[in-house]
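Note: hydrogens, waters and symmetry copies are ignored here, and every other heavy atom, side chains too, is used. The chain is numbered in sequence order, starting from 1. Counting convention: from 1, in listed order, for ligands and their atoms alike.
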Amino acid sequence: MANSSLPAPRLAGAALERQLALQRSRRPANPLLSLVIPVFDEEDSIDLFIDTVVPLLERDRLRYELVFVNDGSQDDTLSRLISRSATDRHIRIVNLSRNFGKEAALTAGIDHAKGDVLIPMDIDLQDPPDLVAPFMERWREGYDIVYGVRTARLTDTVAKRMSAGWFYWAFNAMSPVRIPHNVGDFRLVDRRAAEVLRQLPERNRFMKGLFAWVGFNSIGVPYERPERAAGTTKFNYWRLWNFALDGVVSFSTAPLRAWFYVGVVIAAIAVFYAIFIITRVLILGIDTPGYASLLIAVLLMGAIQLLSLGIIGEYLGRLFLEVKGRPIYIVEGVYEDGADAPPKA
Ligand code: UDP
Ligand code: MG
């Protein structure tokens with residue numbers, strides 16, 4: 001089951017092996033690994049996260065940095081991070097000026113990470129840090145993107161699993177870019193792919209889609225997603241729905257084009273019906289009843305027009321946001337070494 005949900009690799013066989021060998025030979029012997037961690041109201045998770053992850057990184061003798069992005073937390077998150085950074089020089093904190101959402105926070109983190117290899121990670125330990133070692137293993141083999149594939153989504157509710165399944169199906173049916181099923185933001189990204197990602201100018205950062213869009217040789221590593229270690233989820237159903245809508249609309253124009261075909265079908269039906277009515281009037285004479293069919297036609301056409309207008313509105317709204325060209329996030333300050341005054345911007 002898990003393997004069938006993995007997409008076919010872009011290349012296979014000898015061609016893939018040649019590319020991997022080339023990348024392998026270019027890999028630095030002692031790469032810097034950046035963990036990019038967006039945090040929003042996570043005061044209860046910070047200590048647990050750092051105390052779990054750091055020993056693993058030290059054990060594997062990795063060179064690393066922890067880039068936390070504080071996404072406008074209202075609680076004690078920032079001061080706790082800063083106090084941890086006083087004793088740990090690996091920690092850097094990018095403090096955003098308000099809550100910009102996880103996708104924007106991730107973008108900020110990727111922009112500020114210095115590593116040869118980047119791994120975005122949730123702070124709630126739902127992205128198991130044990131996977132860092134196998135991810136790095138794959139990277140050394142020459143893969144540029146290594147993503148974690150959730151096998152059993154046992155910790156999710158049935159409703160969430162089903163809606164996630166529909167989402168992947170609908171997205172892949174409509175978008176020319178395929179996103180693999182059950183893959184979150186948890187993945188390893190090589191510096192080259194991260195640079196491409198950074199150059200994408202769009203404001204609407206649907207990260208899973210963008211990661212798939214950049215291409216490169218990628219491979220999945222299956223894992224079981226555990227429960228949140230502490231704190232509560234920041235995504236309710238309304239937020240997830242909007243997230244899914246953003247994803248589809250920013251990667252596909254199919255919902256726009258569909259109305260052309262709906263129009264063609266309705267026009268064809270209308271022409272046949274008109275011919276039928278005219279013939280009937282010519283043969284049988286005028287016959288006034290028809291209230292029901294008229295009303296149904298009027299209501300149906302009205303509904304279809306509003307629907308299509310709504311979809312055009314979705315795209316227009318996003319066009320408006322993109323054209324304004326406002327920054328994706330605003331950095332209030334970058335903190336390290338336990339600094340308590342806002343240093344460089
Ligand atoms: N997050 C964020 N900004 C937000 C919402 C969430 O930076 O507006 C972070 C959050 O702190 C966590 C990660 O994104 O590190 C994933 O969030 P969560 O665990 O709530 O999502 P779920 O796992 O329930 O999908
Ligand atoms: Mg989570």
(request) Starting from atom 14 (O) of ligand 1, locate the nearest protein heavy atom and write down its residue, its atom name and how far away it is, to 0.1 Å. (result) Lys102 CD, 3.3 Å
(message) Which residue and atom name correspond to the protein heavy atom nearest atom 8 (O) of ligand 1, and how close is it?
(response) Arg239 NH2, 2.8 Å
(request) Would you name the heavy atoms of Gly247 and Phe171 that are closest together and state the gap between them? (result) O-CE1, 3.4 Å
(message) For distances below 2.8 Å, what is the count of protein N, O or S atoms around the Mg ion (ligand 2)?
(response) 2
(request) Hey, could you give me each pair passing side-chain hydrogen bond (donor to acceptor under 3.5 Å, both in side chains) that has a residue in residues 298-314? Not counting sequence neighbours. (result) Glu314-Arg318
(message) In terms of relative ring orientation, are Phe206 and Phe243 parallel, tilted or perpendicular, with 30° and 60° separating the classes?
(response) tilted
(request) Assert yes or no for the condition that the ring centre distance of Phe186 to Tyr223 is strictly below 6.0 Å. (result) yes
(request) Starting from atom 1 (N) of ligand 1, locate the nearest protein heavy atom and write down its residue, its atom name and how far away it is, to 0.1 Å. (result) Phe40 CB, 3.9 Å
(message) Counting non-hydrogen protein atoms only, what is the nearest one to atom 7 (O) of ligand 1? Give residue, atom name and distance.
(response) Pro38 CB, 3.3 Å
(request) Any atoms of ligand 1 less than 4.0 Å from a non-hydrogen atom of Gln126? List them with their elements. (result) 19 (O), 23 (O)
(message) If hydrophobic clusters are built from ILVMFWY residues whose side chains come within less than 4.5 Å, do Leu245 and Leu307 share one?
(response) no
(message) Quick check: do Val36 and His112 have side-chain heavy atoms less than 4.5 Å from each other?
(response) no
(request) Of the side chain and backbone of Asn99, name the one, both, or neither that has a heavy atom under 4.0 Å from an atom of ligand 1. (result) side chain
(message) Test of understanding: given a 4.0 Å heavy-atom threshold, classify the contact between Asp71 and ligand 1 as side chain, backbone, both, or neither.
(response) side chain
(message) Please list all pairs meeting salt bridge (Lys or Arg N to Asp or Glu O under 4.0 Å) that have one or both residues in residues 298-309, counting only residues at least two apart or in different chains.
(response) none
(request) For Trp139 and Pro28, work out which heavy atoms get closest and say how close. (result) CH2-CD, 3.8 Å
(message) With heavy-atom distances below 4.0 Å as the criterion, list the atoms of ligand 1 near Val39.
(response) 7 (O), 11 (O)
(message) Please list, in number order, the atoms of ligand 1 under 4.0 Å from a heavy atom of Asp124.
(response) 19 (O), 23 (O)
(message) Under a 3.5 Å distance rule, please check whether Arg178 uses its side chain to pair with a backbone N or O of Ser175 as donor and acceptor.
(response) yes
(request) Just need the protein heavy atom nearest to atom 21 (O) of ligand 1, so name the residue and atom and give the distance. (result) Phe235 CD1, 3.2 Å
(message) Using a 3.5 Å cut-off on N or O atoms only, is Ile123 in polar contact with ligand 1?
(response) yes
(request) Would you mind checking which non-hydrogen protein atom is closest to atom 5 (C) of ligand 1, with the distance to 0.1 Å? (result) Lys234 CB, 3.6 Å
(request) Tell me yes or no: between the side chains of Gln19 and Asn217, is some donor less than 3.5 Å from an acceptor? (result) yes
(message) Quick test: of every protein heavy atom, which one is nearest to atom 10 (C) of ligand 1, and how far off is it to 0.1 Å?
(response) Glu42 OE2, 3.2 Å
(message) Set out, in order, the CA-CA distance, both residues' side-chain angles and the distance that settles side chain to side chain contact (heavy atoms under 4.5 Å, CB included) for Glu332 and Leu96, then state yes or no.
(response) CA-CA 5 Å; Glu332 180 272 336; Leu96 303 187; over 6 Å; no
(request) Could you tell me the residue and atom name of the protein heavy atom closest to atom 22 (P) of ligand 1, and the distance to it rounded to 0.1 Å? (result) Thr233 OG1, 3.7 Å
(message) side chain to side chain contact (heavy atoms under 4.5 Å, CB included), that's the test. Do Ile145 and Leu188 meet it? Break it down for me.
(response) CA-CA 5 Å; Ile145 294 185; Leu188 174 151; over 6 Å; no
(request) Tell me, please: is Glu103 in heavy-atom contact with ligand 1, that is, under 4.0 Å? (result) no
Please tabulate, for side-chain N and O atoms in residues 63-71, each donor-acceptor pair with protein atoms closer than 3.5 Å (sequence neighbours left out).
from	atom 1	to	atom 2	distance (Å)
Arg63	NE	Asn30	O	3.1
Arg63	NH2	Asn30	O	3.0
Tyr64	OH	Glu58	OE2	2.8
Tyr64	OH	His90	ND1	3.2
Glu65	OE1	Arg92	NH2	2.2
Glu65	OE2	Ser34	OG	2.5
Glu65	OE2	Arg92	NH2	3.4
Glu65	OE2	Lys114	N	2.8
Asn70	OD1	Ser73	N	3.3
Asn70	OD1	Ser73	OG	2.6
Asn70	ND2	Asn95	OD1	2.7
Asp71	OD1	Phe100	N	2.6
Asp71	OD2	Asn99	ND2	3.1
Asp71	OD2	Gly101	N	3.1

